[in-house]
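Heads up: the structure comes next, in structure tokens.
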There are 2 protein chains.
Amino acid sequence: MAAYDAPFTPVEPVRAYQRVAEQIEERILRGELPPGSRLPAERELVNQFGVGRSTVREALRVLQSAGLIRSRPGDPLGAEVLGVSGDNLSQALGRLTRSHISSLGELIQFRMVLEAESNRLAARLRTEDDLNRMAGLIDRMRSLSVGPGAGLRAFSETDALFHQAVAEASRNVLLGLCARAVHDAVVEIIERKIADAADAAAWRERSIDHHEQVLAAIRAGDAPHAARLARQALYAYYADHVEPETRALLEAALEQG
Amino acid sequence: MAAYDAPFTPVEPVRAYQRVAEQIEERILRGELPPGSRLPAERELVNQFGVGRSTVREALRVLQSAGLIRSRPGDPLGAEVLGVSGDNLSQALGRLTRSHISSLGELIQFRMVLEAESNRLAARLRTEDDLNRMAGLIDRMRSLSVGPGAGLRAFSETDALFHQAVAEASRNVLLGLCARAVHDAVVEIIERKIADAADAAAWRERSIDHHEQVLAAIRAGDAPHAARLARQALYAYYADHVEPETRALLEAALEQG
DNA sequence: GGAAATCAACTGGTCTGACCAGTGCACTGG
DNA sequence: CCAGTGCACTGGTCAGACCAGTTGATTTCC
């Protein structure tokens, strides 16, 4: 079959920096260079790869922009291996929305899908440990929602940790990473506009309330309800802020089940 | 409130190549540099930005690895602007699975979620045009599944176009891009191992059959059934190829609705 | 005149060598 | 023993050079 199909595939030139980057990326992905370990110095890599320093540097730039390494001037240990994370995902998603290829409504709709599924799976697969962790995070959110020094940042961070805990309970890392990436993209676009200092207290109140309901549904193993809660909360929160012509999208996502 | 929260944020140094890359990326994302347009030559950018060529080149490397531009040696027109696409997403997803941060089972489960939702929304929102386009693509797949010269590549390409048509009918570009990215990541990992030349004919038969059922459900506006079809097909196709300990994940995703 | 070969002016890819501002460690002076 | 001082090294940047490839105009040949 291959004889009919593609006897030969066109050969495209592979730049030197690409091969350098591939070799290093390969080792990182295979786990031979675990997070926290260090790459040799650039001038040492020049020797090992037998290429010029600019080539090595372009390769390192590629790896750095992929979030795989981080380098700091003056560090005698060389670039630090960061391992694979979801940062790259949120970066890519952010570009998609910022370039208006994808609208805010689509982004919210997508978030509805992801968080609903995350909740749904968590309700099915959660362990006792998961439940305890989530309950603890809700307690922490509650303690962070009062007092003058209660930071918005700390509250949001705990909120994110709760979602992460749900994602872990759903036993799908990928789902959690994407949900986080979409969440971040939404935040970057709109969150700062609404939820301003004005009604921040009320918002936290509602947020805690919502999380408690989600936890209850997950604890009860009521998967459809857990999923519905995520969709409803996102709809209630964002429906008024998306472009009017895309509100139908959110409603379509809301009506599931 | 901000006074309590973070009076000052730490200032981290911004490299010259970062600022160059940001300026160019900004213009691309704003649409000032539409896809197909050209960047000035590197030596010209050196003049405009007032930095060295290596700095310009590192910036271009970053943009290139983000899939925003493409450069070709000897091209007197300069680097070509590609615009934003989903390539970066599939790259990131591929890294996540290849590094065993996320298992193949999770990837398939994620794909079940995305394609099911895509089908579901398409069943709700499709227009007559969408239906015609999908029907035409199925016809094309059928014509490509017979004859000695029927290329596997052409068949797969048409298959992808069908999924893209569904995604368009769902009115959510983001969903479609992610589904495509996950699809590609799966293909890169496993597809070549199974679906080998051996039972390729039978596989195409089944594939066309599946697509017809999906189209029928979408045409009928039966959203839950369209979603179920996607999940079932993926489960039937991949369940035997994921790690045994993650099969439960697929089953959890299957049992929805 | 028109087609084919040639050439010159570019391009991006790579290398070399240099300098700078940081960093960490070893040495030194108290 | 500890504080202070250098030195050796790092990554970031620049300048200049060369190469191979592309392009389009020019020239050459039929």
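Because only heavy atoms are used, hydrogens play no part in the values below, and waters and symmetry mates are left out as well, while side chains stay in.
For the side-chain contact (heavy atoms from CB on, under 4.5 Å) test, residues two or more places apart in sequence or in another chain that qualify with A:R72 are A:D75.
The residues B:R180 and B:D184 are annotated as salt-bridged, a charged nitrogen and a carboxylate oxygen being separated by less than 4.0 angstrom. Under a 4.0 Å N-O distance rule, the pair A:R19/A:E26 does not qualify as a salt bridge.
The aromatic rings of B:H241 and B:Y237 sit tilted relative to each other, their planes meeting at an angle between 30° and 60°. A tilted orientation is assigned to the rings of A:H163 and A:H183, their planes being inclined by 30° to 60°.
Counting all heavy atoms, side chain and backbone alike, A:R15 lies closest to B:P73 at NH2-CD, 2.9 Å.
Legend: side-chain hydrogen bond (donor to acceptor under 3.5 Å, both in side chains) pairs involving residues 45-63 of chain A, not counting sequence neighbours, sorted by first then second residue: A:E42-A:R53, A:E42-A:R57, A:E44-A:Q48, A:R57-B:E58, A:E58-B:R57, A:E58-B:R61, A:R61-A:Q64, A:R61-B:Y17, A:R61-B:E58.
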List, with names and distances, any nitrogen or oxygen atoms from the protein found under 3.5 Å away from nitrogen or oxygen atoms belonging to nucleotides 13-17 of chain D.
{"residue": "D:dT13", "atom": "OP1", "partner": "B:A16", "partner atom": "N", "Å": "2.4"}
{"residue": "D:dT13", "atom": "O4", "partner": "A:R53", "partner atom": "NH2", "Å": "3.2"}
{"residue": "D:dC14", "atom": "OP2", "partner": "B:G52", "partner atom": "N", "Å": "2.7"}
{"residue": "D:dC14", "atom": "OP2", "partner": "B:T55", "partner atom": "OG1", "Å": "2.4"}
{"residue": "D:dC14", "atom": "O5'", "partner": "B:G52", "partner atom": "N", "Å": "3.3"}
{"residue": "D:dA17", "atom": "N6", "partner": "B:R53", "partner atom": "NH2", "Å": "3.3"}

Is there any protein nitrogen or oxygen under 3.5 Å from a nitrogen or oxygen in nucleotides 6-8 of chain D, and what are the pairs?
none

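Computed from coordinates, the B:L60 CG to C:dG13 P distance equals 8 Å when rounded to whole Å. Atom CD of A:E80 and atom C1' of D:dG11 are 15 Å apart (whole Å). To the nearest angstrom, P of C:dC15 lies 13 Å from CG of A:N47.
Side-chain atoms of A:T158 come within 3.5 Å of backbone N or O of A:A154 as a donor-acceptor pair.
Using five terminal pairs a side, the axes of the helix from C:dG1-D:dC30 to C:dG30-D:dC1 at its two ends make an angle of 20°, given in steps of 10 degrees.
Results of the side-chain contact (heavy atoms from CB on, under 4.5 Å) test with B:L63 over B:L82, B:V81, B:L68 single out B:L68 as the only residue that passes. Of the residues listed (B:L89, B:I28, B:N88), the one engaging A:R95 in a side-chain contact (heavy atoms from CB on, under 4.5 Å) is B:N88, and it is the only one.
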Can you give one letter per nucleotide of nucleotides 22-27 of chain D, going 5' to 3': B for a protein heavy atom under 4.0 Å from the base, S for sugar-phosphate only, - for none? BS----

